[in-house]
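Just below is one structure, and these are the notes that go with it.
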2 protein chains.
Amino acid sequence: MIKIDIANALMASYPCSRATALQCVDLLTERMKQALLDGHRIEIRGFGVFEPRPRKRGMGRNIKTGTTVEIPKGKSIRFKPGKDLRDIDME
Amino acid sequence: MIKIDIANALMASYPCSRATALQCVDLLTERMKQALLDGHRIEIRGFGVFEPRPRKRGMGRNIKTGTTVEIPKGKSIRFKPGKDLRDIDME
DNA sequence: GTTGGCGATGTCGATCTTGATCATGGAAAG
DNA sequence: CTTTCCATGATCAAGATCGACATCGCCAAC
């Protein structure tokens, strides 16, 4: 599923042009992205929680060099699936 | 940031009632949730990728019992931040 | 059709995950 | 807007998983 599919889902419930639907999706993702970059946690009950976390790890590995490289950045976004998404049964 | 904040952001760009904005957000999250439960990967360039992954682990630990408990489930949703969200500098 | 974000690879250690419970607060109803 | 409801956070331990880097191919986005 890509952005267009989400837009189509929106169009199905709220009749509007595809361009409008895409802009809507883009707007929401952009807002969420900005909020995360701003360090805010996004919590959507029943879906999940996006949370910016400081990364404590400080090392990685480079294939070609084979040496341990330091990880300069110290943040990452963690997504914690909500109740509905955690209740997945393996098929 | 919670659902209402996202709805407000939508209302700011697309004048509509709060109820409509909330329904819109709820609709999108619901669609994404269903897609994930259906095993589909959701890829939004520049934001991130939601991907259902089979969990290979099969054990954990329970505090109260203090015993090793088996993890029955074998799936979880992984969110991989896109380029814009990975480029976070620690403040 | 063109651009460029994203996946996979390999290593190795820090991180995450699962479960149950109480408290907090997101979410929905009056 | 206020109140109620129930999902979510933290916790403990052990073990599996993720992550970063660089590059090419692929596909999302324009």
Side-chain angles (χ1 to χ4, degrees), chain A residues 1-8 18-19 21-23 25-26 29-30 33 35 40-90, chain B residues 1-8 18-19 21-23 25-26 29-30 33 35 40-90:
Chain A
M1 170 180 270
I2 56 183
K3 195 183 294 185
I4 297 175
D5 296 311
I6 302 177
N8 285 332
R18 174 171 294 175
L22 281 172
Q23 286 176 42
V25 175
D26 203 49
T29 55
E30 187 67 20
K33 186 165 62 180
H40 296 306
R41 194 182 69 157
I42 301 179
E43 181 170 343
I44 306 295
R45 283 293 172 85
F47 180 68
V49 179
F50 294 89
E51 184 176 26
R53 288 211 317 99
R55 178 161 309 161
K56 297 153 194 169
R57 295 182 302 183
M59 48 70 63
R61 190 120 185 166
N62 191 321
I63 297 181
K64 65 174 187 177
T65 62
T67 44
T68 307
V69 291
E70 323 169 33
I71 298 177
K73 302 302 178 54
K75 261 191 180 179
S76 65
I77 304 296
R78 177 198 172 198
F79 173 69
K80 182 183 300 187
K83 184 190 177 189
D84 296 347
L85 285 178
R86 280 182 310 213
D87 189 35
I88 302 178
D89 186 43
M90 59 173 111
Chain B
M1 168 180 268
I2 56 182
K3 195 183 293 184
I4 297 175
D5 297 309
I6 302 177
N8 286 333
R18 175 171 294 174
L22 281 172
Q23 287 175 42
V25 176
D26 203 49
T29 55
E30 187 67 21
K33 187 166 63 180
H40 296 305
R41 194 182 69 158
I42 300 179
E43 181 170 342
I44 307 295
R45 283 294 171 87
F47 181 68
V49 178
F50 295 87
E51 183 176 26
R53 290 213 314 85
R55 175 156 312 161
K56 298 150 192 169
R57 295 181 302 181
M59 48 71 61
R61 189 121 186 164
N62 192 319
I63 297 181
K64 65 174 189 179
T65 63
T67 44
T68 306
V69 292
E70 323 168 32
I71 298 178
K73 303 300 179 56
K75 259 192 183 180
S76 66
I77 304 296
R78 178 198 171 197
F79 172 69
K80 183 182 299 187
K83 184 191 178 189
D84 297 346
L85 286 178
R86 280 182 311 211
D87 189 35
I88 303 177
D89 186 42
M90 59 174 111

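Proteins come first, then strands; the chains are lettered A, B, ... in the order of their sequence lines, and each starts at number 1.
Contact check for R78(A) versus V49(A): no side-chain heavy atoms found under the 4.5 Å cut-off.
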So which protein N/O to nucleotides 28-30 of chain D N/O distances come out below 3.5 Å?
residue	atom	partner	partner atom	Å
dA28(D)	O4'	R45(B)	NH2	3.4
dA28(D)	N3	R45(B)	NH1	3.4

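Residue order along DNA chain D, read from the 5' end via each residue's closest nucleotide, puts R18(B) first among P81(A) and R18(B). Taking the nucleotide of DNA chain D with the nearest heavy atom to each of E51(A) and K80(B), the more 5' of the two is matched to E51(A).
Taking atom CD of Q23(B) as the reference point, atom P of dA28(C) lies 11 Å away to the nearest angstrom. With rounding to whole Å, D84(A) atom CG is found 12 Å from dC6(D) atom C1'. Rounded to an integer number of Å, the gap from CE of M1(B) to C1' of dG25(C) is 17 Å. For K83(B) and dG7(C), the NZ to P distance is 14 Å, given to the nearest whole Å. Between the P atom of dT18(C) and the CG atom of L85(A) lies a distance of 12 Å, rounded to the nearest Å. Rounded to whole angstrom, the span from the CG atom of N8(B) across to the C1' atom of dA27(C) amounts to 14 Å. Atom CZ in F47(B) sits about 16 Å away from atom C1' in dC6(C), given to the nearest Å. Across the protein-nucleic acid pair, R78(A) atom CZ and dT8(D) atom P stand 12 Å apart, rounded to whole Å.
Closest non-hydrogen pair, I6(B) versus I44(A), comes out as CD1-CD1, 3.7 Å. Looking at every heavy atom in both residues, A7(A) comes nearest to A21(A) through O-CB, 3.6 Å. For the residue pair A35(A) and I42(A), the shortest heavy atom distance occurs at CB-CD1, 4.1 Å.
The side chain to side chain donor-acceptor pair (under 3.5 Å) test applied to D5(A) returns no partner, not counting sequence neighbours.
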>> Show, in sequence, the C-alpha distance, side-chain angles and deciding distance for L85(B) and F79(B), and conclude whether the side chain to side chain contact (heavy atoms under 4.5 Å, CB included) test is met.
In response: CA-CA 11 Å; L85(B) 286 178; F79(B) 172 69; 4.2 Å; yes

